[in-house]
2 protein chains.
Amino acid sequence: MQVIQNQKQANKPIKTYINSCYPSLTKSEQKVADLVLEKMENVMYYSVTDLADMVGVGETTVLRFCRKIGYKAYQEFKLAIAKDQSNAQGEQQENDDENGKHETFISAIAANSISAIQETASMLDEAALEKAIEWIEKARSVHFFGVGTSGLTALDAKNRFLRIGRRTDAVIDSHIQAMTASTLTNEDVVIGLTVSGSTKDTIDSLKIARENGAHIISITYYARSPITKISDIVLLSGGKESPMEGGSLAAKIGQLFVIDLLCTGLALRTKDFSLSMKERTARSVLDKIY
Amino acid sequence: MQVIQNQKQANKPIKTYINSCYPSLTKSEQKVADLVLEKMENVMYYSVTDLADMVGVGETTVLRFCRKIGYKAYQEFKLAIAKDQSNAQGEQQENDDENGKHETFISAIAANSISAIQETASMLDEAALEKAIEWIEKARSVHFFGVGTSGLTALDAKNRFLRIGRRTDAVIDSHIQAMTASTLTNEDVVIGLTVSGSTKDTIDSLKIARENGAHIISITYYARSPITKISDIVLLSGGKESPMEGGSLAAKIGQLFVIDLLCTGLALRTKDFSLSMKERTARSVLDKIY
DNA sequence: ATTTTTTTGAAGAATTTATTCATATTCCCA
DNA sequence: TGGGAATATGAATAAATTCTTCAAAAAAAT
């Protein structure tokens with residue numbers, strides 16, 4: 001096994017080493033140096049033999065060259081070049097990014113999604129979250145109300161809670177929402193989902209639930225929208241979404257993030273139970289996979 | 001199979017490749033993977049023999065491991081690690097700077113979600129994405145197949161595409177999937193969703209679709225899982241998820257991100273149409289809000 | 001219980017890396 | 001300008017590493 005001794009500290013470009021040694025290299029070695037400098041990006045894929053042949057010198061000369069510029073062996077030299085190149089490339093890329101020239105829609109979407117999460121985290125009222133989790137824990141039943149895109153999020157929410165053994169219900173049909181709401185009492189919790197905070201169907205259903213005494217938690221982007229007036233707890237989800245871009249990824253991620261916080265928060269409070277339920281639900285789908 | 005996956009050019013973290021192949025590795029190979037992940041900074045100084053001895057397996061197994069995660073030879077793998085490490089070092093420092101905050105479960109979940117997005121972006125094969133978008137554009141019909149948690153994602157996908165005026169279908173019942181698949185032809189595209197890449201129902205349905213000539217695109221975390229063998233295009237979604245934590249937020253976000261890329265990519269290609277459709281769908285829900 | 005398939009590493013072939021040493025070249029001084 | 005010391009060079013060869021083949025062992029399927 002080879003030992004690494006020459007801990008070349010910082011990532012100084014190899015070019016520097018070569019240049020600083022250049023005058024002390026022999027003629028043949030300089031030819032090696034020339035080719036290495038010229039083909040910097042590719043050298044790392046050559047073997048000593050390749051390199052020697054390309055330059056037109058013996059392998060020994062190449063070896064001697066490597067040692068003179070400060071590496072113990074050819075392998076070490078090659079490794080150093082590899083690192084070096086990746087740094088160089090990295091810088092190249094950074095520059096491109098800053099110039100905004102290489103900004104593909106991919107990185108734009110990524111940035112957008114990430115900021116939805118950060119936004120949500122920063123807007124979060126931890127006290128409200130705590131309280132919401134407490135209510136959910138104590139509630140006889142928990143219903144997620146949402147229609148349209150937020151209805152899908154309601155289904156996701158139900159799925160998440162089921163995984164930790166908490167049976168909740170997602171109601172995504174406005175009529176059934178209304179009917180369900182009318183059966184609730186102050187032992188129940190309803191979680192309303194709507195990004196705009198203005199979705200008629202959901203709000204109407206929440207009103208009914210509220211009239212029957214149920215606790216209302218809402219997850220919305222708009223802190224001063226109709227839904228907040230009829231909610232006991234408001235959790236804000238990030239990911240700005242204009243009416244024109246309904247169902248955007250950012251908004252969805254914001255909602256999911258809040259739901260995950262509720263779910264994880266609850267799981268932490270009921271650790272043993274949640275864990276065993278996670279295990280059970282996981283095992284239950286085990287024979288569904290190849 | 002006309003696979004267009006794993007174009008290994010940019011500086012994508014090797015960790016990612018290893019993780020995404022992990023389940024498809026044999027027991028001995030996984031031992032290799034474990035040690036590589038653990039000793040990432042040093043592996044580049046080991047020879048195959050060293051590494052094999054340290055893990056306690058034959059050199060051949062190490063070689064096989066390298067090939068499975070996508071490198072042609074040990075040298076190439078080592079070179080890649082070297083590049084990777086020099087990048088990682090830089091980032092490490094950046095992260096250290098930020099670590100002044102108190103780490104609640106909130107920031108932990110946020111970090112987890114963010115890295116799911118970053119991971120997905122970094123694993124993304126742009127050529128495959130392009131091709132997928134092209135296929136979707138030309139297809140007579142596009143069906144999303146998924147069951148369980150991935151079924152919900154299929155519904156999200158349908159919703160997203162509908163917003164830009166592309167009627168697609170989400171099929172989340174395995175029987176109906178099978179029946180639907182049997183009606184498809186080579187003019188149709190099916191997009192299979194499964195994080196594990198091993199979901200029986202989905203895979204069985206995809207097989208039927210494939211037999212009938214349909215184009216298969218799959219979105220999965222695991223690069224070498226059963227689903228990839230029957231797919232024409234594989235798009236990897238980030239957000240590692242052990243069997244124990246099915247339906248995790250990170251995995252869901254990874255899937256959604258990929259779907260958004262497809263959707264946005266398509267929208268960019270058919271700009272005018274998509275815009276007008278966005279407007280129409282948005283207006284259609286306008287009288288649903290207060 | 002038996003066959004088939006997969007997994008595995010030992011043996012050795014092929015390649016790559018490193019060393020030795022004889023020859024070639026350069027340099028210095030008479 | 002010639003002769004000898006010093007240096008430079010690569011062919012030959014040794015050492016090491018990488019890679020392949022193949023048969024045995026383990027696991028999976030029947």
Exercise. Would you kindly give the CG-to-C1' distance between B/L51 and C/dG9, to the nearest whole Å?
Key: 15 Å

Quiz item: D/dT18 phosphate, OP1 or OP2: any side-chain N/O from B/K78 under 4.0 angstrom?
Solution: yes

Quiz item: Taking atom P of C/dA18 as reference, at what distance in whole Å does atom CZ of A/F65 sit?
Solution: 14 Å

Quiz item: Do side-chain atoms of B/Q177 reach the backbone of B/V171 as a donor and acceptor pair under 3.5 angstrom?
Solution: yes

Exercise. Please state whether the base of C/dA18 and the side chain of A/E59 form at least one donor-acceptor pair under 3.5 Å?
Key: yes

Self-check item: Spacing of B/E76 atom CD relative to D/dC19 atom C1', expressed in whole Å
Solution: 14 Å

Quiz item: Considering heavy-atom distances to DNA chain C, does B/G58 or A/Y74 have its closest nucleotide positioned more toward the 5' end?
Solution: B/G58

Exercise. Indicate whether OP1 or OP2 belonging to D/dT18 is found under 4.0 Å from a side-chain N or O atom of B/S47.
Key: yes

Exercise. Provide, to the nearest angstrom, the distance between the CG atom belonging to B/D53 and the P atom belonging to D/dT17.
Key: 11 Å

Practice problem: To the nearest Å, give me how far apart CZ (A/R64) and P (D/dA8) are. | Solution: 9 Å

Quiz item: For B/A73, which contact category applies under a 4.0 Å heavy-atom criterion: base, sugar-phosphate, or nothing?
Solution: sugar-phosphate

Practice problem: May I have the distance from B/F77 (atom CZ) to D/dC19 (atom P), rounded to whole angstrom? | Solution: 12 Å

Self-check item: d(CG, B/L63; P, C/dT7) in whole Å
Solution: 16 Å

Exercise. Give a yes/no answer on whether the side chain of A/T60 brings an N or O atom under 4.0 Å of OP1 or OP2 in D/dT9.
Key: no

Exercise. Please report the closest heavy-atom contact between B/L261 and B/I133, naming both atoms and the distance.
Key: O-CD1, 4.1 Å

Quiz item: Quick one: CZ on B/F144 to CZ on B/F161, what's the gap to the nearest 0.5 Å?
Solution: 4.5 Å

Self-check item: Whole angstrom value for the distance that separates C1' of D/dT18 from CG of B/L79
Solution: 14 Å

Quiz item: Has A/R67 got a side-chain N or O lying under 4.0 Å from the OP1 or OP2 atom of C/dT19?
Solution: yes

Quiz prompt | Charged N-O contact under 4.0 Å between B/K252 and A/D260 | solution = no

Practice problem: Report the nucleotide, chosen from C/dT17, C/dG9, C/dT8, that has the shortest atom-to-atom distance to any side-chain atom of B/V57. | Solution: C/dG9

Quiz item: According to a strict under-4.0 Å criterion, is A/K27 in side-chain N/O contact with OP1 or OP2 of C/dT26?
Solution: yes

Exercise. Decide if atom CZ of B/R140 counts as having more than 12 heavy atoms of other residues, nucleotides or ligands within a radius under 6.0 Å.
Key: yes

Practice problem: Before giving the answer on side chain to side chain donor-acceptor pair (under 3.5 Å), spell out for B/R64 and B/S28 the whole-Å C-alpha distance, their side-chain angles and the decisive distance to 0.1 Å. | Solution: CA-CA 10 Å; B/R64 267 189 297 255; B/S28 300; over 6 Å; no

Quiz item: Can you find a side chain N or O atom of A/T61 that sits less than 4.0 Å from OP1 or OP2 on D/dT9?
Solution: no

Practice problem: Give one of base, sugar-phosphate or nothing for B/T49, where a contact means two heavy atoms less than 4.0 Å apart. | Solution: base

Practice problem: Go through D/dT18, C/dG9, D/dG10 for me and flag the one nearest to the B/Q75 side chain. | Solution: D/dT18

Practice problem: Verify the contact: side-chain N or O of B/K72 to OP1 or OP2 of D/dC19, cut-off strictly under 4.0 Å; return yes or no. | Solution: no

